[in-house]
Each structure stands twice: as C-alpha cells, then as structure tokens.
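For ligands, and for the atoms within them, numbers begin at 1 and follow the listed sequence.
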Amino acid sequence: MTETLEVDPRAPRAPLPTPPRIVGAIAGLLAGLCSVCVGILVTALGNTASPIDTVGSSFIDRVPRWLKNLAIDLFGTNDKTALRVGIWIVLAVVATALGTTRRWSAYAWGTILFTMLGLASAAERTGTTTWSYVGPVVGAVAGIASFVVLMQSGTRHWFARRRPTESVAPLGFDRRQFVGAAGAVSAVALASGLVGRSRQNDRVRRIESQRPSALPGVDDTVDVPNTDGFHPTEPFFTPNDDFYRIDTAMSFPTVDRDSWSFTIDGLVETPLTLTYADLLALPQVERPVTLCCVSNPVGGPFIGTARWQGVLLKDLLDRVGVLDGAEQVFSTSLDGWTCGFPVEVALDGRDCMVAIGMNGEPLPLEHGFPARLVVPGLYGYVSATKWLARIELATWDREGYWVPLGWSRLGPVKTQSRVDVPRHREKVAPGRITIAGVAWAQHTGIEKVEVRVDDGPWREAELGNDVSDDTWRQWIIEWDATPGRHVVQVRATDKDGETQTDVVQDVAPDGATGWHTRTFEVTN
Ligand SMILES: Nc1nc2c(c(=O)[nH]1)N[C@H]1C(S)=C(S)[C@@H](COP(=O)(O)O)O[C@H]1N2
Ligand SMILES: [Mo]
C-alpha cells in the first residue's frame, strides 16, 4: 500500500517553521520603520513634536559638556539634523538586531522598551500633550503587528488554496508572499512618514502665520552711523536669515499668539502678566546689539548683530518692584529651557530688552517668536531666552539649563576679534591687499584693533564707525602682500584699555580666549 499524504484534520497544527535570519532582519527593520513613522504621523495629527524630536531633546538635556562641544565642532548649527540622523541609525540597528531573533516576543519587548523611552521623554518635557504619548504607543502596536505579519508571511501560505487531500507539510518559504507583505508594511511606513512630515510642517507654518505683518512704530531709537561698504564680507547688521542659531529645541514650541503671555514673578511686589498685544502697546525701543554664543570658538561664526526692537526690561522690573532678596533674573522658555543673570545687570542702565523684533521684522521662529530676551554684554546661554514664557526674580539657588552641565554661572562676553578676509587658506595675488574682520567687547566697546603679519610689529587697524558699545566693530588694514605663506593675527583692546588676552582657553566653561590666527597664501 502506498503511503498517502492525507492529513487527519483533527491532528494538532504543526508550528510554523522559523524563517531564515535575513527575513527576520528585514522584518525587524521594516517593522521598526513602520513604528516610528506611525508615531510621527499620530503626533503630527495631534499638533505636537515627533517622538524622534522628543527623545532627541531629552538626549540633549543629558549631553555632557565635551560631547556638546564635539557636536558643535563637527556639525555647527546642523547639530540637530545630526542628532536626528543618529537616532534613526540607532533605531534601525536595534530593530534589525531584534528581528534576527525571529521571535515576536523578543521584538515586542524591545519595542516596548523603546516606547517607554519615548513616553519618559514626553513626561519630562514642557509643552508635550496627550498626543506625545498616544503617538509612540500606536506606533509600537503598528510595529509589533507588522513584525508578526512579516514573519508569518513567508511560511503561512495564506493564499495557497489547499484541497483536503493536500499536504500541510512545509511548502517552503513563499518568497512572493513575503515580498508582498514587506511592500505593504513599507507602504504604510512611507505614507505615514510623508503625511506625518507634511503635517509637522503645517504645524510650523501655523506658528509662522501668526507673526504679524509689521511691527508697531519705534518710540525710542538711536542714530546708527553709516557702516555700508566698510568691511568687504561681513555686513554690520547680520541679515536674519544668516544670523547664527543655537538652541536646544529640536522643534519649535507650539505657540498661539492670542493666548500666549509671559509672567514676571518670584521676588517681586506685584507679579505682572503681559500678552503679545500688551507688549505691542508698550513704548517701543530699538537698539543695535551684538549677540554671541559662549560656544563660539576663537574665530568662529556664532555671533551676529541685529537691531532689536521691544520693551526695556528695566521698565518692566520697575513696574513689578524687585524685592531685596532677588539675586538673578531667571527666565524660562515655552519649551522649558532656563537661564539666569545677575539682577544688577538688569538694573545697571544697559538696554536689556524683551524683544519682539529683529532688524525691522517680527522675531523669526528660529530667533524666539513671540518674544525673547536680549542682554547686551552677556553670552546667550545665560541671558537670551527665546520663546519666552516666564521671568522670575530668584536667588542663586535656581540654576539655569547649562550651569549643572558644567558651564559658568556668570557669562560676561570676553573681548574677542576675528579675521574674515583673507579667508582660511585663501590664495591671494601679491600687491596691496585688504585684511578685514570684526572685534567685540559688548557693553564696554572696542577702542583699538591691532594686526600683525608673520610676527612682524603690531599695526593699528582702521576701525569702522562706532555704532554702540553694545555692538561689534568692523576693522580693515592694508598690507603689501609678498609671495609666500603668511600668518595674520589680530587682537582688540576695549574702551577700558584692556587688551584681549593671548592665553588660549577653550569655550568651556565661560568662553574661549586667545588671538585669532589665520594662514593664507600669496601667489601669482
Ligand atoms: N529657549 C531657548 N532660548 C535660548 C537657547 C535655548 O537653547 N533655548 N539658547 C541660548 C543660546 S546658548 C544662545 S547663544 C542664543 C542664540 O540666539 P539665536 O539663536 O537667536 O542666535 O539663544 C539663547 N536662548
Ligand atoms: Mo550659546
């Protein structure tokens, strides 16, 4: 009697065979992609930041000083993109590795772990909503389901019609069915990713659309002498689009102009809350101020000058009445970033402002719309809160964002100067050339800039018009270029007579020092 392959329908179902490892890896990767993209879609539908950005922000909050510096050195103002790419890579590697186990339970536990990370980030952040939690959870469910479907797609033979007499012995791996399922999961991931991204852009556009078309008229301004054409490459006022941007915000905090307000409270007699309309209605002051970042290396680009418009902080502090115990002006942004500077700085007569305008335009999103602080003479990390939410008069017990991460509590700007022309390793023709740059010592002012080539004598550069002690000063000097390789150095002296130190110090903990040195080539 020949053996039949007939099957007893009452027999227990054989377990599905385990698909090859490569199938597990692909399934893991695609399911992970699906998780994240669905998470992005759901959060975007809820008008809130993506899980990637939320986790990224939590990561930034924990970055040690050396890593922050390394990131800025390597990526400059593209550090956020670099972080996003890094997070995607880590997720892709983990999802692929989990997939190779080919066990759905292992994959599910891994996904749950990363989802918890997303939820924990959402929980610790200011400005997150219910959607910040719903997104990762829905994403996790979608990812685990995708993984199960993909793993079974090659072996379950959903579409293979069986006659009762046919074998259920393994039919082998159904490649077409797996490819079909992989295509479907990829399509879901791609569609959610694209829709999510466009919704996320809509969110930013909605904030953007709330910027008014014009600023109120200025009541109090200063005369700015002409500075056009003096410096060959660096305009005195940095256009808003070229102005450096440094902050910890992976995505702009959601702002509703009509309900936005900020409060001045803490050690004050009467707290004050001002809406955007209130700010526009107050007397408008405009001042040119150079803002710079403590992370700017010697010769670096993280500096810019703008005409800032807004309300003088001093006037607001007079209104609330600062109490005796107050030591610092401690401010918080809509996304929970903080910083603080001494109360004396706010009251010593300098033009600290709650700014709403930059170079004649309402503040761009990148630079703090609806309102930010601008404090002449201090680095941004202790003073220049963007997307302002609160100003608190506090004692030094409170620590601004960067202080526990190893940065100095006080951040007065150090006198610095920079060579812009010739550019680094530029080749120039022999003959008379112009060497040009900028120098700054905000709130003290620049008195003198000296330049030397190849360890020759220091020569005094010609200075551009003196706009304000709170702004940088442009300088130029002529030099008869002889063929060969040359080194140019610059040093500035402030209006207190202090010449900038040649002692080289790194940006941490309170700003870089040393003379900017640039090499260039003179050839025919
Ligand atoms: N909300 C918020 N404000 C912030 C920061 C930040 O991370 N978050 N960074 C500060 C730092 S370190 C600097 S140097 C300035 C830079 O301002 P800009 O991006 O407009 O040039 O913003 C300051 N204000
Ligand atoms: Mo900064």
**OP:** Considering only non-hydrogen protein atoms, determine which one is nearest to atom 22 (O) of ligand 1 and report residue, atom name and distance to 0.1 Å.
**Re:** Arg372 NH2, 3.5 Å

**OP:** Output the list of atoms in ligand 1 that are nearer than 4.0 Å to some heavy atom of Leu291, sorted by atom number.
**Re:** 17 (O)

Original post:
With under 30° as parallel and over 60° as perpendicular, where do the rings of Phe302 and Tyr244 fit, or are they tilted in between?
Top reply: tilted

Original post:
How does Tyr381 reach ligand 1, by side chain, by backbone, by both or by neither, if only non-hydrogen atoms under 4.0 Å count?
Top reply: both

Subject >> Gln505 and Asp510: side chain donor to acceptor below 3.5 Å >> reply: yes

**OP:** Quick one: look at Phe302 and ligand 1, take heavy-atom pairs under 4.0 Å, and tell me if it's side chain, backbone, both or neither.
**Re:** neither

**OP:** Could you tell me whether the side chain of Val354 reaches within less than 4.5 Å of the side chain of Leu388, counting heavy atoms only?
**Re:** yes

Original post:
Between Arg197 and Gln200, does a side-chain hydrogen bond (donor to acceptor under 3.5 Å, both in side chains) hold up when you go through it step by step?
Top reply: CA-CA 5 Å; Arg197 204 188 149 115; Gln200 196 50 253; over 6 Å; no

**OP:** Identify which of Asp247, Asn240, Thr338 has a heavy atom lying nearest to atom 6 (C) of ligand 1.
**Re:** Asp247

**OP:** Only heavy atoms count here, so choose which of Cys292, Ser333, Ser295, Gly400 is nearest to atom 1 (N) of ligand 1.
**Re:** Ser333

**OP:** Hey, can you tell me if Trp440 and Trp472 have their rings parallel, tilted or perpendicular (30° and 60° cut-offs)?
**Re:** tilted

Subject >> Numbered atoms of ligand 1 (with element) below 4.0 Å of Phe243, judged on heavy atoms >> reply: 21 (O)

Original post:
Which ligand 1 atoms, with their elements, are less than 4.0 angstrom from a heavy-atom of Cys293?
Top reply: 14 (S)

Subject >> Which residue and heavy atom of the protein sit nearest atom 23 (C) of ligand 1, plus the separation >> reply: Ala384 O, 3.5 Å

**OP:** Give the residue, atom name and distance (to 0.1 Å) of the protein heavy atom nearest atom 3 (N) of ligand 1.
**Re:** Lys386 N, 3.0 Å

Subject >> Residues Asp247, Lys386: salt bridge by 4.0 Å N-O rule >> reply: yes

Original post:
Between Trp458 and Lys448, is there a cation-pi geometry (under 6.0 Å to ring centre, at most 45° from the normal)?
Top reply: no

Subject >> Minimum side-chain heavy-atom gap Arg257-Pro370 below 4.5 Å >> reply: no

Original post:
Looking at atom 4 (C) of ligand 1, what's its closest protein heavy atom, distance included?
Top reply: Trp337 CZ3, 3.6 Å

